[in-house]
Every structure is written in structure tokens, then in C-alpha cells.
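The structure appears right after this line, and notes come after that.
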Amino acid sequence: MLTANHDLIKAINLIPHWNSESVEFIRELSNSISSRSYLIEKDKQPYVLRLDKAFDQGVIPDRENEIKVLEFLCTKSLNNEPVYSSLEHGILLSQYIEANSWSTHDLNYLNINNLANKLKVLHTLSPALNDFDLVSGVKRYADILQSDSSSKWADQIISLLNECEERPHVLCHNDLHSGNILVADELIFIDWEYAGLGNPLLDVSSILQSMELSDSQSEVFLNAYFGKLTS
């Protein structure tokens, strides 16, 4: 029997062949500006249920594009196919993956190599998807924050993007940090809501920055990703 809030119960009852009487609420997994995610269980199978909050559609990613990304990744065995999704009701139901989030304990050379190689595979793909418009996203966030510092921050990012080496647009995750990388028998990328076609160097720099790799660790990662690092 589910013990949870009204919105969660209502969402579960909208899923075909599901009802809240047969679902067990385990715990809340996350609570962000745009959505909440819950770990639930049905017939002893764990699932993640994400519910969108009321949000400015111009701020967060294109949910329709996200579903296309997830379905495409499934055909490449890079992600589980969504169990159910509803753009109208802001519902995404996925299988729960039993794994640990990447941590500093995982910063060994084997894992760093595996991370680079997995990213390299992702960046060989160019499905029929929308581009990830980072510039527009940065401007929208700056407008919402409405501060001098946010405007300077946005200008700096856009300036750096203009200096960045242009590369053919490929499938990019666009939000790779330790919380979105799971460690199991293999490394797993999750939370594809910002994914789309774009410059692969964004993913590369995101990993280097967010994980605070040492110089030697960065060299291992870059050599594995690029083959042999040049100047």
C-alpha cells in the first residue's frame, strides 16, 4: 500500500495497468527546481518515478527530445528503455538501477579509462535529435536570476563558448557530474534531460571540472578519450 502525497498517488493511477493500491512507496530520491523523483516498488520490482513540477518551459530542457534520447540509447544498449512516459502529465517511469553514485573512491586509473571510453562511444553517435542550445539556456537562467553577477557569468560562458574549438555535433549528455554517473558492473550515465546534439568538448570539460581531477588523472582521462593527447 502506497503512503505518499496526493500528486504521487495521482500520477501512479495514470500509468496504464497500475494503481496506487499495488505500489509501495520506498523513498524520495531527489527534489529539484523542475521535478521530484521517487523510488517505488511494484510486484517486487523497483522503479524510479519522476514527476515534473510546474515550471517555465523555457528554462528546463525539451522533455520530448529527452524521451527520444532515451529510446535511442535503448537501441544501442546504452540505457534502459523508459517503462512509461507522459509529456502531458509530466511523468517518466524507469527501471531502478542498483548501483552506487561515482565518488572520490572511484578515481582510480581503470575507472577513469572506462569513463573516457564510454564517453568516446557516446560521442560517435549522431541520431536525429534537436541541438542542445547552451547559449539560449545560459541567457534564460541569467534573466531569471536577474543580478549583475548572473549577467557577468552568462557573458563569460558565452565568450568561452565562442573560443571553444568547433567540432561536429554529436550526442552529448551535457550534465556529466558524479551524481549522474553510476558505478556497477559497468559505468552508467543517468539523467539525460539535458541531452542533445552538441559539441563533445562540453562533456569532456564538464568531467574535468566537476570531478576536480588531478593533473595526472586528467592526463589519463584525456589520453584515453583522444587516443594521444597533443598540445
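Only this structure's heavy atoms are used, side chains among them; waters, hydrogens and symmetry mates stay out.
S35 contributes no side-chain N or O that, together with a main-chain N or O of R50, makes up a donor-acceptor pair within less than 3.5 Å. Side-chain atoms of K120 come within 3.5 Å of backbone N or O of A224 as a donor-acceptor pair. A donor-acceptor distance shorter than 3.5 angstrom exists from the side chain of N13 to the backbone of I9, with no hydrogens or angles considered. At least one donor-acceptor pair under 3.5 Å links the side chain of N113 to the backbone N or O of Y109. Formation of a donor-acceptor pair under 3.5 Å by the N5 side chain with backbone atoms of D7 is found in this model. With N65 contributing its side chain and A195 its backbone, the two residues share a donor-acceptor pair below 3.5 Å. Between the side chain of N180 and the backbone N or O of D175 there is at least one donor-acceptor pair closer than 3.5 Å. At distances below 3.5 Å, at least one donor-acceptor pair connects side-chain atoms of H173 with backbone N or O atoms of D191. Counting only distance, with no hydrogens or angles, the side chain of N108 and the backbone of N111 share a donor-acceptor pair below 3.5 Å.
The closest side-chain heavy-atom distance from H123 to L201 is not below 4.5 Å. Contact of the L176 side chain with the L119 side chain is registered, since non-hydrogen atoms from C-beta on lie closer than 4.5 Å. Side-chain contact check for L39 versus P46: some heavy-atom pair is nearer than 4.5 Å. Counting heavy atoms from C-beta on, the side chains of L93 and V48 never come closer than 4.5 Å. Looking only at side-chain heavy atoms (C-beta outward), W102 and L115 come within less than 4.5 Å of each other. Between I158 and K139 the shortest side-chain heavy-atom distance falls below 4.5 Å.
By the rule that hydrophobic residues join a cluster once side-chain heavy atoms approach within less than 4.5 Å of another member, L29 and L182 end up as members of separate clusters. Following chains of ILVMFWY side-chain contacts shorter than 4.5 Å, one can reach V183 starting from I112, so the two form part of one hydrophobic cluster. The hydrophobic cluster containing I181 does not contain I190, counting ILVMFWY residues as joined when their side-chain heavy atoms lie under 4.5 angstrom apart, directly or transitively.
Taking the six-membered ring for Trp and thresholds of 30 and 60 degrees, Y225 and F221 have nearly parallel ring planes, at less than 30 degrees apart.
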Exercise. Apply side-chain contact (heavy atoms from CB on, under 4.5 Å) to the pair V23 and L49, showing each step before the final yes or no.
Key: CA-CA 11 Å; V23 175; L49 179 61; over 6 Å; no
Quiz item: Is there a salt bridge (charged side-chain N to carboxylate O under 4.0 Å, His left out) between R63 and E66 once you walk through the steps?
Solution: CA-CA 5 Å; R63 291 300 195 206; E66 178 191 8; 3.1 Å; yes
Quiz prompt | Step-by-step side-chain contact (heavy atoms from CB on, under 4.5 Å) determination, L171 to S126 | solution = CA-CA 6 Å; L171 180 57; S126 299; over 6 Å; no
Quiz prompt | Audit row: W18, Y47, ring-ring contact (aromatic ring centres under 6.0 Å, His included) steps and yes/no | solution = CA-CA 13 Å; W18 280 49; Y47 299 89; 5.1 Å; yes
Exercise. Apply the test side-chain contact (heavy atoms from CB on, under 4.5 Å) to residues L125 and L78: give CA-CA distance (whole Å), side-chain angles for both, the deciding distance (0.1 Å), then the verdict.
Key: CA-CA 11 Å; L125 307 174; L78 293 173; 3.7 Å; yes
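Annotation: E64, atom CD; neighbour count of heavy atoms from other residues, nucleotides and ligands within 6.0 Å does not exceed 12. Within 6.0 Å of CD in E28 there are more than 12 heavy atoms belonging to other residues, nucleotides or ligands.
No side-chain donor-acceptor contact under 3.5 Å links S30 and S32.
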